[in-house]
Amino acid sequence: MTDLLVIGSGGAGLSAALEAARSGAKVCVVTKSLPTQAQTCMAQGGINAALGNLEPDSVDEHVADTLRSAHGLADETMIRRCCEAGPETIEWLDRLLTPFSRLEGAKTPLQSIAQRRLGGASHPRACYAQDYTGLKILQTLYDRCLEAGVEFRTRHYLLDLLVRDRIVSGALFWDQDAGEVVALHSRSTFLATGGFGALYHGYSTNAAGATGDGMAAVLRAGGVLRNMEFVQFHPTALEGSAILISEGARGAGATLIDQAGERFTDELGPRDEVARAIFAKIRQGERVYLDLRHLGEKRLNELMPQELHLARLHAGIDPLKEPLPIAPAAHYSMGGIAVNRDLAALGLRGLWAAGECAEAGIHGANRLGGNSLLEIIAFGRIAAKNALNSPVNPVEHTEELESAKRRIDALLQRKGKLSPHSKHKILGKRLYHDLGIVRDRELMEDTLSYLGELQSRLDQVAPQDPSRRHNQALVELLEYENSLLLARALCESALHRRESRGAHWRSDFPQEDPEFAQPTLYTLESGAVKSEK
Ligand SMILES: Cc1cc2nc3c(=O)[nH]c(=O)nc-3n(C[C@H](O)[C@H](O)[C@H](O)COP(=O)(O)OP(=O)(O)OC[C@H]3O[C@@H](n4cnc5c(N)ncnc54)[C@H](O)[C@@H]3O)c2cc1C
């Protein structure tokens with residue numbers, strides 16, 4: 001029996017695990033892939049903290065920038081907590097030996113950490129490690145977790161939470177290597193399963209596994225999701241492959257140009273505005289480019305070696321010689337598991353959530369670049385402390401375990417002809433075009449009935465392989481089921497919000513409406529979307 005069961009091994013999961021293990025708790029981290037295979041590893045631009053290492057900055061300005069970007073849908077108390085935690089979070093990561101890029105001639109280690117400006121920020125505030133920021137943070141956290149005695153269970157896919165009378169006692173997993181269902185009980189359960197950007201399969205900067213499994217499990221357990229309609233589209237992904245070229249490039253001076261070679265928008269405006277400006281050009285049949293050429297080889301090699309390599313590899317273009325064709329792509333889920341100010345899931349006891357899977361009132365209608373990495377580390381640690389202080393008495397769930405085994409057996413035996421992978425691709429394309437950067441009622445109602453059809457034909461989607469061990473297609477089928485559930489939550493929430501706000505832009509309601517200045521709540525029980533009072 002563990003004190004803390006951490007589900008997900010990205011930045012939120014490993015910060016929580018390390019904090020808990022260092023306080024003497026027995027911690028187990030469970031992940032559906034390998035320990036450092038997470039969105040966190042892909043983060044390039046940086047992690048925000050008002051250190052003021054390049055020019056004067058303050059927590060108040062960080063709070064003000066975040067609030068402005070959230071368009072009235074965030075919780076100022078939570079934003080302040082997050083921004084105030086910024087400098088201490090960087091200091092903590094620095095003490096753990098995260099290899100940040102450095103400035104020369106600084107007086108203290110903290111003052112030596114290099115910072116750059118990302119979109120919507122009034123100062124250079126993102127601390128970085130070249131364009132490997134998330135990777136370096138996560139590898140460092142993993143090393144420290146191993147030293148602190150954290151147990152890891154890899155390739156265990158979260159099926160469902162173990163819940164009775166609204167108390168969560170752990171979770172059920174599909175052990176992909178052993179080919180069996182296992183129940184893990186715990187005094188506290190912490191979800192850090194990341195976002196659902198991969199619903200937009202083929203049009204997303206996220207890896208294919210970012211299917212919001214934790215959010216779907218919370219819905220099934222009777223919990224609440226908040227602000228599901230808010231999906232951030234990053235302005236500059238490589239056309240075709242959707243590989244991200246981070247805001248760090250524009251922060252360093254890269255420009256956005258149209259086919260005529262003209263600039264047409266403020267490159268460092270908020271992401272929603274820049275993405276819409278690019279999308280408008282693309283809808284007119286134009287191509288849009290990110291021009292890095294004037295930054296020079298030395299600077300680009302120093303700031304973004306990974307992105308240079310990815311551009312050459314995936315677009316076949318050398319950014320030193322030619323502008324890069326780009327298009328916006330689904331990037332970040334602002335919505336997620338509704339948590340209170342202690343980061344406990346609403347409506348369930350014994351369950352905590354932080355990071356991209358949770359909606360903690362930080363990002364509102366539009367996330368500021370660099371704030372997610374800060375949130376996952378700062379709130380991962382806080383959630384772990386709170387969870388350890390409020391344990392539950394776990395109960396056995398024999399019946400649920402047996403029922404999950406029967407369900408998996410049935411899925412493996414299913415005879416349908418359609419593969420989950422092909423269905424996911426079709427879903428991604430549909431969502432990008434009809435529930436993407438520009439929305440309207442007609443398109444969304446069509447999408448909703450399309451989702452209903454997909455749901456009714458779910459029994460035709462099968463793994464095509466009955467093997468129990470190492471069956472990736474079974475995992476893809478489970479992910480596809482979750483994607484359908486969340487796509488419905490997204491679509492219904494988006495229909496409910498009859499206005500435009502931040503990343504949710506409706507051509508039939510193009511203005512912000514004070515009547516919708518509250519978050520949206522979504523549950524399976526009530527079967528309806530509500531505005532939070
Ligand atoms: C290309 C890219 C660049 C980015 N750049 C930045 C940046 O510069 N700055 C910034 O602030 N943010 C950035 N972001 C956003 C940021 O990286 C993420 O929001 C953040 O890392 C999410 O961390 P997390 O710990 O919440 O989730 P993740 O890192 O996504 O981890 C989720 C974990 O949950 C596990 N999991 C999921 N489902 C299951 C299941 N069913 N069973 C078991 N385990 C499961 C996964 O395997 C994984 O270990 C970027 C995102 C991308 C995609």
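Whatever order the structure lists ligands and atoms in, that order sets their numbers, starting from 1. Just so you know, these numbers use all the heavy atoms, side chains as well, and skip hydrogens, waters and symmetry mates. No experiment lies behind these values; they were computed from the predicted model shown.
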Q: For Ser493, enumerate each residue passing the side chain to side chain donor-acceptor pair (under 3.5 Å) test, keeping only those at least two apart in sequence or located in another chain.
A: none

Q: Describe, in one word, how the ring planes of His201 and His424 are oriented to each other, choosing from parallel (under 30°), tilted (30 to 60°) and perpendicular (over 60°).
A: tilted

Q: Output the distance between atom CD (Glu481) and atom CG (Asp213), rounded to the nearest 0.5 Å.
A: 10.5 Å

Q.
Closer than 4.0 angstrom, basic N to acidic O: yes or no for Asp65 and Arg68?
A. yes

(Q) Any salt bridge linking Arg469 with Glu180? Criterion: basic side-chain nitrogen under 4.0 Å from a carboxylate oxygen. (A) no

Q) Using a 4.0 angstrom limit on heavy atoms, which residues are close to ligand 1? A) Gly8, Ser9, Gly10, Gly11, Ala12, Thr31, Lys32, Ser33, Gln37, Ala38, Gln39, Thr40, Met42, Ala43, Gln44, Gly45, Gly46, His156, Tyr157, Leu158, Ala192, Thr193, Gly194, Thr205, Asn206, Asp213, Leu244, His331, Tyr332, Gly355, Glu356, Arg367, Gly370, Asn371, Ser372, Leu373, Ile376

Q: In plain terms, say whether Arg250 and Glu267 are close enough for a salt bridge, that is, a side-chain N and a carboxylate O under 4.0 Å apart.
A: no

